[in-house]
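A quick write-up on the structure given underneath.
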Amino acid sequence: VLARVPRLVDNEVHVWRVAIDRLSAFVSQYEGVLCERELETARRFRFETDRRRYVLSHAALRHLLGEYLRSSPSALRFEHTARGKPELPRDVNPAGLRFNVSHSRELALIAVTLQRDVGVDVEFARPMAEAVQIAERFFSRGESARLRALPAEQQPVAFFNCWTRREAYLKATGEGIAESLDQLEVTFMPGEPARLLSVRGDAREAAQWQLEAFSPGPGYIGALAVRGRGLTVLCWSWAGGRVVAEGEA
Ligand SMILES: CC(C)(COP(=O)(O)OP(=O)(O)OC[C@H]1O[C@@H](n2cnc3c(N)ncnc32)[C@H](O)[C@@H]1OP(=O)(O)O)[C@@H](O)C(=O)NCCC(=O)NCCS
C-alpha cells in the first residue's frame with residue numbers, strides 16, 4: 001500500500017481499477033471536486049445509481065490526475081475533442097500526460113500514460129440474447145462470422161473480448177464506436193492473447209499498437225490499447241487515497 005501514486009515513466013502505462021461501491025459513503029464529499037459541467041451532467045441522470053457512479057468515477061479521475069500533475073483535484077480543467085474525448089490542456093500538462101476512462105456497473109478503469117494515444121474499456125460480461133445481432137452491426141464481417149460459429153457457451157466471453165478490444169482502440173484514437181466495422185480486426189477467441197490485427201486493412205498500422213486484456217474483477221472484462229510496443233503495463237487500484245499495487249498485466 002502506497003501513500004501516493006507511483007512515478008510514471010516514458011515506456012509505462014498505469015491502469016487504475018476503482019471499485020466504485022467502496023467509495024459510495026463519500027459521494028457528497030467527492031462531489032465537491034467536480035466542475036460545474038460535471039455537476040450538470042450528474043444532475044441529468046434519472047437513476048441515483050448512475051449519478052453516484054458518474055460522480056465517483058470523475059472524482060477518482062481528478063484525484064489520480066491531480067497526484068500525477070501535483071495539482072488539486074478540483075483545479076483540473078479538461079478539454080474535449082469533437083467526438084467528446086476528454087484531454088488535459090497542454091498548458092497545465094507540459095509532460096504530456098494522457099488518460100482514458102471507462103466504467104461498467106461498480107467498476108471504473110483509468111489508464112494513464114505519457115505522450116501516447118491510450119484507450120480503455122471495461123464491460124460486465126453477461127450473456128446477451130442479441131449478441132450476434134450487435135456483432136453484425138458493430139464488428140467486422142469476419143469477426144461476426146467467427147463469433148456466430150462459436151458454441152453458445154463461449155459466445156459471451158468472446159463477444160465482450162471483441163467489444164472491449166475494439167472499443168479500447170477506438171477510444172484511443174478518439175473515434176468512438178460510430179464508424180468502425182470492417183475497418184478494424186482484433187483477436188477475441190477465449191484464451192487468445194489480445195492483439196490488433198488490422199486497421200483499415202493495414203496490418204503494419206495495427207502493429208504500431210499494443211493491446212492488452214484484463215479481468216479487472218469477477219465477471220468483468222477489460223481491454224487497453226496504447227500506441228507503442230513493448231510498453232510495461234502496471235495495474236493498481238485506487239480506494240480513496242489508498243493506492244494498492246496489483247502487478248504487471
Ligand atoms: C464514449 C464512447 C467512446 C464509449 O462509451 P461507453 O462504452 O458507453 O462508455 P465508457 O464507460 O467505456 O467510456 C466513457 C468515457 O470515455 C471517455 N470518452 C468520451 N468520449 C470519448 C471518445 N470519443 N473517445 C475516447 N474516450 C471518450 C469519457 O471519459 C467517458 O466518461 P464519462 O461518460 O463519464 O464522461 C462511445 O459512447 C462513443 O462511441 N462515442 C462517440 C461519440 C461520437 O462519435 N460522437 C459524435 C458526436 S458529433
Side-chain angles (χ1 to χ4, degrees), residues 13 15-20 23 27 30-31 33-66 73 76-89 93 97-113 116-126 128 131 134-135 137-139 159-181 183-184 186 199 209 211-214 216-217 219-227 238:
V13 186
V15 179
W16 291 91
R17 194 168 67 86
V18 183
I20 300 284
L23 305 173
V27 66
Y30 280 120
E31 222 169 26
V33 303
L34 268 48
C35 69
E36 195 41 52
R37 174 192 165 126
E38 289 168 312
L39 292 172
E40 181 57 41
T41 305
R43 279 194 285 271
R44 285 203 300 265
F45 285 106
R46 276 182 54 208
F47 298 107
E48 183 51 30
T49 306
D50 295 328
R51 197 186 76 82
R52 178 179 55 83
R53 289 171 178 169
Y54 177 89
V55 166
L56 292 172
S57 64
H58 280 246
L61 175 70
R62 285 178 168 274
H63 277 275
L64 282 168
L65 295 181
L76 291 176
R77 285 180 297 114
F78 297 101
E79 287 172 346
H80 295 81
T81 66
R83 287 181 182 273
K85 183 173 183 175
E87 304 270 3
L88 289 160
N93 178 29
L97 201 72
R98 307 283 304 276
F99 70 93
N100 195 235
V101 185
S102 181
H103 30 82
S104 179
R105 299 194 180 185
E106 294 300 332
L107 208 63
L109 287 185
I110 299 173
V112 186
T113 191
R116 297 172 184 282
D117 292 330
V118 64
V120 70
D121 194 48
V122 61
E123 296 288 343
F124 187 76
R126 64 272 177 195
M128 284 203 309
I134 297 174
R137 180 150 170 234
F138 290 105
F139 295 180
F159 174 85
F160 284 106
N161 281 347
C162 194
W163 181 275
T164 54
R165 292 173 197 184
R166 290 175 66 86
E167 188 74 351
Y169 169 78
L170 293 165
K171 291 182 73 185
T173 62
E175 288 162 77
I177 54 176
E179 46 207 293
S180 43
L181 301 172
Q183 311 287 305
L184 187 61
V186 298
V199 174
W209 289 82
L211 199 60
E212 300 279 346
F214 309 92
Y220 289 91
I221 290 179
L224 167 85
V226 58
R227 194 187 281 280
W238 188 82

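Atom set for the values below is all heavy atoms of this structure, side chains included, hydrogens, waters and symmetry mates excluded. Remember, it's 1-based here, ligands and their atoms both numbered in the order they're listed.
For atom 25 (C) of ligand 1, the nearest non-hydrogen atom from the set E175, E87, E38, K171 belongs to K171. Between H103, R83, E167, E123, it is R83 that holds the heavy atom closest to atom 46 (C) of ligand 1.
Here's the thing with L170: none of its N/O atoms is less than 3.5 angstrom from an N/O atom of ligand 1.
Residues meeting the salt bridge (charged side-chain N to carboxylate O under 4.0 Å, His left out) test with R98, sequence neighbours left out: E87, D117. Under the salt bridge (charged side-chain N to carboxylate O under 4.0 Å, His left out) criterion, E79 pairs with no residue at all, not counting sequence neighbours.
Heavy-atom separations between G174 and ligand 1 include at least one value shorter than 4.0 Å. By the 4.0 Å heavy-atom criterion, P86 is counted among the residues contacting ligand 1.
When non-hydrogen atoms are compared, ligand 1 lies under 4.0 Å from the backbone of S102 as well as from its side chain.
Close contacts between ligand 1 and D121 involve ligand atoms 7 (O), 12 (O) [criterion: under 4.0 Å to a heavy atom]. Close contacts of ligand 1 with N100, meaning ligand atoms under 4.0 Å from a residue heavy atom, involve 25 (C), 26 (N). Which parts of ligand 1 touch H58 is read off a 4.0 Å heavy-atom cut-off, strictly below it: atoms 32 (P), 34 (O), 35 (O). If you number the atoms of ligand 1 from 1 as listed, the ones under 4.0 Å from a heavy atom of Y54 come out as 34 (O).
Looking only at side-chain heavy atoms (C-beta outward), I110 and V120 stay at 4.5 Å or farther from each other. For the pair R62/F78, a side-chain contact is recorded, criterion being any heavy-atom separation below 4.5 Å from C-beta on.
Formation of a donor-acceptor pair under 3.5 Å by the K85 side chain with backbone atoms of A172 is found in this model.
The aromatic ring centroids of F214 and Y220 lie 6.0 Å or more from each other.
A distance of 13.0 Å separates CZ in R37 from CZ in R77, rounded to the nearest 0.5 Å.
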